[in-house]
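The block underneath contains the structure these notes are about, expressed in structure tokens.
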Amino acid sequence: MPELPEVETTRRGLQPHLLGARIVDVDVRQPQLRWPVPADLAAHLRGQQVLALRRRSKYLLIDVAAGSALVHLGMSGSLRLDAVNDPRRTHDHLQLSLDSGLLLRYNDPRRFGSWLWQPAGQSHPLLANLGPEPFADEFDGARMWRLSRGRRAAVKVFLMDAATVVGVGNIYASEALFRAGIDPRRAAGRISQARYCRLAEVVREVLAEAINQGGTTLRDFLRPEGVPGYFAQSLRVYDRHGQACRQCGEPIRRVVLGQRASYYCPTCQR
DNA sequence: CATCGGACCTGTTAGC
DNA sequence: TGCTAACAGGTCCGAT
């Protein structure tokens with residue numbers, strides 16, 4: 001479900017409620033997530049004050065003095081703020097009770113997400129080899145061009161590789177390639193530096209617009225306050241198989257690349 | 001190295 | 001209407 005805009009939207013929604021709050025209790029009801037929830041996670045968090053809520057790639061980091069809870073939402077995860085008396089729902093696997101009386105609940109039907117512990121001053125192995133953030137200076141067309149030389153994989157697969165840039169998942173990869181006018185099937189190594197510069201630009205553009213709209217709600221993404229994101233109405237190709245291209249009217253096509261559905265306009269993208 | 005397929009799960013939808 | 005298969009916003013890991 002969540003790509004960078006949805007995770008960032010979640011972070012922004014939670015921040016005012018979490019910052020400075022004390023975690024009075026931690027309840028792990030289902031520790032079997034993508035990786036088992038560490039047995040000592042609750043002990044690390046209980047009684048601690050939240051010092052910051054950060055995002056790196058699609059991970060949320062809940063900082064306390066001794067380290068951070070690393071939260072990944074996987075495909076179907078979400079975080080929700082509840083009042084103490086709100087009943088638990090199906091697939092609520094973990095909750096933090098805050099001294100404000102609010103509950104931070106983690107819900108994840110498919111359990112592809114994770115809650116891990118990262119001691120202060122250390123970088124968790126899962127974060128160690130990530131590429132640059134899309135809004136960092138380090139991410140630009142020259143970097144993509146350099147990294148892609150000799151690569152025969154489809155440019156969409158290359159764009160979704162976290163070593164290229166983090167945060168660009170299946171929706172925004174299709175959307176960015178449409179905006180850049182690049183055919184997603186094209187070999188990454190056969191694209192010019194100029195086109196990669198344009199691609200870097202539109203990656204930032206589409207992510208920024210999506211964040212401003214509160215993310216994309218296709219089926220079930222809800223912000224922590226319980227409201228959907230509105231970027232779905234701005235999607236130009238994703239999930240629009242057979243529908244007219246908003247730019248030229250040609251039917252949008254669907255093709256599978258790297259085992260993921262990909263959408264593109266055969267005339268606008270070359 | 002780069003690339004590919006499988007794995008982890010449950011829920012919803014498309015198609016017969 | 002009902003059953004089944006395909007598919008879903010992620011991404012790691014091992015085999016080739």
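Side chains included, hydrogens not; waters and symmetry mates left out as well; all remaining heavy atoms used. Chain identifiers are assigned alphabetically (A, B, ...) following the order of the sequence lines, protein sequences preceding nucleic acid strands; residue numbering begins at 1 within each chain.
The closest donor-acceptor contact from the side chain of A:Glu3 to the backbone of A:Gly169 lies under 3.5 Å. A:Arg55 contributes a side-chain N or O that, together with a main-chain N or O of A:Ser57, makes up a donor-acceptor pair within less than 3.5 Å. Side chain of A:Gln118 to main chain of A:His124: a donor-acceptor pair is present (N/O by atom type, distance under 3.5 Å, no hydrogens or angles). Of the possible donor and acceptor atoms, none in the side chain of A:His44 sits under 3.5 Å from a partner among the backbone N and O of A:Ala66. The backbone N or O of A:Leu199 lies less than 3.5 Å from no partner atom in the side chain of A:Arg195, so there is not a single donor-acceptor pair.
Put simply, CG on A:Leu207 is 13 Å from C1' on C:dG9, counting in whole angstrom units. Atom CZ in A:Phe221 sits about 15 Å away from atom C1' in C:dG10, given to the nearest Å. For the pair A:Met75 CE and C:dA6 C1', the interatomic distance rounds to 13 Å; values are reported in whole Å. At whole-Å resolution of the value, NE2 in A:His241 and P in C:dA8 are 12 Å apart. To the nearest angstrom, C1' of C:dG10 lies 13 Å from CG of A:Asp161. The interatomic distance linking A:Asp239 (CG) with C:dC7 (P) rounds to 13 Å, in whole Å. Atom C1' of nucleotide C:dG9 and atom CZ of A:Arg254 are separated by 14 Å, given to the nearest angstrom. Nucleotide C:dA8 holds its P atom 11 Å from the CG atom of A:Leu218, rounded to whole Å.
Between A:Tyr238 and A:Tyr263, the two ring planes are perpendicular [angle over 60°; tilted spans 30° to 60°].
Looking at heavy-atom distances under 4.0 Å, A:Tyr172 makes no contact with the nucleic acid at all. If you check every strand for non-hydrogen atoms under 4.0 Å, A:Ala261 touches sugar and phosphate atoms only.
Residues A:Asp92 and A:Arg29 are not paired through a salt bridge, judged by the lack of any N-O separation under 4.0 Å between the basic side chain and the carboxylate. The residues A:Asp161 and A:Arg151 are annotated as salt-bridged, a charged nitrogen and a carboxylate oxygen being separated by less than 4.0 angstrom. The pair A:Glu8-A:Arg12 meets the salt-bridge criterion, with a side-chain N (NZ, NE, NH1 or NH2) lying under 4.0 Å from an Asp/Glu carboxylate O.
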(request) Produce a footprint string for nucleotides 9-16 of chain B: one letter per nucleotide, 5' end first; B if the base is under 4.0 Å from any protein heavy atom, S if only the sugar-phosphate is, - if neither. (result) BBS-----
(request) Determine, for nucleotides 2-7 of chain B in 5'-to-3' order, which nucleotides have protein heavy atoms under 4.0 Å from the base (write B), from only the sugar-phosphate (write S), or from neither (write -). (result) SS-BB-
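Under the 4.5 Å side-chain heavy-atom criterion for grouping Ile, Leu, Val, Met, Phe, Trp and Tyr, A:Leu81 is connected to A:Val26 within one hydrophobic cluster.
Distance check on atom P: C:dC12 versus B:dG11 gives 25 Å, rounded to whole Å. The separation of B:dA14 from C:dG9, taken at their P atoms, amounts to 14 Å, rounded to a whole angstrom. Atom P of C:dC7 sits at a distance of 15 Å from the matching atom of B:dG5, rounded to the whole Å. The separation of C:dA6 from B:dA7, taken at their P atoms, amounts to 16 Å, rounded to a whole angstrom.
For the side chain to side chain donor-acceptor pair (under 3.5 Å) test with A:Tyr264, the passing option among A:Arg270, A:Arg185, A:Gln269 is A:Arg185; the others fail.
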(message) What does the 5'-to-3' dot-bracket notation of DNA chain C look like when only Watson-Crick and G-U wobble pairs under 3.5 Å count, and pairs to other strands show as |?
(response) .|||||||.|||||||
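Judged by closest nucleotide on DNA chain C, A:Tyr263 is the one of A:Tyr263 and A:Leu130 placed further toward the 5' end.
Taken from OG in A:Ser148 to CZ in A:Arg143, the straight-line distance is 11.0 Å, to the nearest 0.5 Å.
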